[in-house]
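One structure is given below, encoded as structure tokens.
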Amino acid sequence: MTRYLAHAVIHDGKIYRNSIVGIDNGVLSIERFEREVHSTIFVSGVIIVAAENKIMLSDRQQLNNIFKKESLIETGLKRVMRYLERRDIYAVDKEDTPLLVIIER
């Protein structure tokens, strides 16, 4: 399993700060960063947990533009979350396959 450490992880309408996220056999794990973990990739930005069947390439491009356009990270996070909520892109159901969308700052 590949794990990622990011400044923020957005999942199901919540922001997890400085957290490690990974998907193993379709099972999502989000842990608070407390110490270095082997085979963890650092992402300077945000990781969004989206439903694979709900997010399109145009959504990824728009999310990237929204986040990078804002000078304040907090404003960018709020706008990204609003976009995700309005389009119902979160992976919340058990039948949704989680997909990690990485947006670097």
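Here, residue 1 is the first one in the sequence, and each next residue gets the next number.
For Asp24, there are no salt bridge (Lys or Arg N to Asp or Glu O under 4.0 Å) partners at least two apart in sequence or on another chain. Evaluation of the side chain to side chain donor-acceptor pair (under 3.5 Å) rule for Glu31 yields no partner, not counting sequence neighbours. Not counting sequence neighbours, Arg32 has no partner by the salt bridge (Lys or Arg N to Asp or Glu O under 4.0 Å) test. Applying the side chain to side chain donor-acceptor pair (under 3.5 Å) criterion to Arg3, with sequence neighbours excluded, gives no partner residue.
In plain terms, the two heavy atoms of Arg105 and Ser71 that are nearest each other are NH2-O, 3.2 Å. Minimum heavy-atom separation, Pro98 to Ala91: CA-CB, 4.1 Å. Residues Ala6 and Gly45 come closest through the heavy atom pair CB-O, 3.9 Å.
Expressed to the nearest 0.5 Å, how far CG of Asn18 lies from NE2 of His7 amounts to 7.5 Å. Here the straight-line distance linking atom CD of Glu74 with atom CZ of Arg79 works out to 14.5 Å at 0.5 Å rounding. Considering CD of Glu70 and CG of Asn65, their distance stands at 11.5 Å, rounded to 0.5 Å.
Residues Asn64 and Lys68 form a side-chain contact, since some pair of their non-hydrogen atoms from C-beta on lies under 4.5 Å apart.
No more than 12 heavy-atom neighbours from other residues, nucleotides or ligands sit within 6.0 angstrom of CD on Glu36.
When hydrophobic side chains of Ile, Leu, Val, Met, Phe, Trp and Tyr are connected at separations under 4.5 Å, Ile102 ends up clustered with Tyr4, Val9, Tyr16, Val21, Ile23, Leu28, Ile30, Ile41, Val43, Ile47, Val49, Leu100. Taking Ile, Leu, Val, Met, Phe, Trp and Tyr as hydrophobic and joining them when side-chain heavy atoms fall under 4.5 Å apart, one finds Val92 in a cluster with Ile10, Ile15, Val46, Ile48, Ile55, Leu63, Ile66, Phe67, Ile73, Leu77, Val80, Met81, Tyr83, Leu84, Ile89, Tyr90, Leu99, Val101, Ile103.
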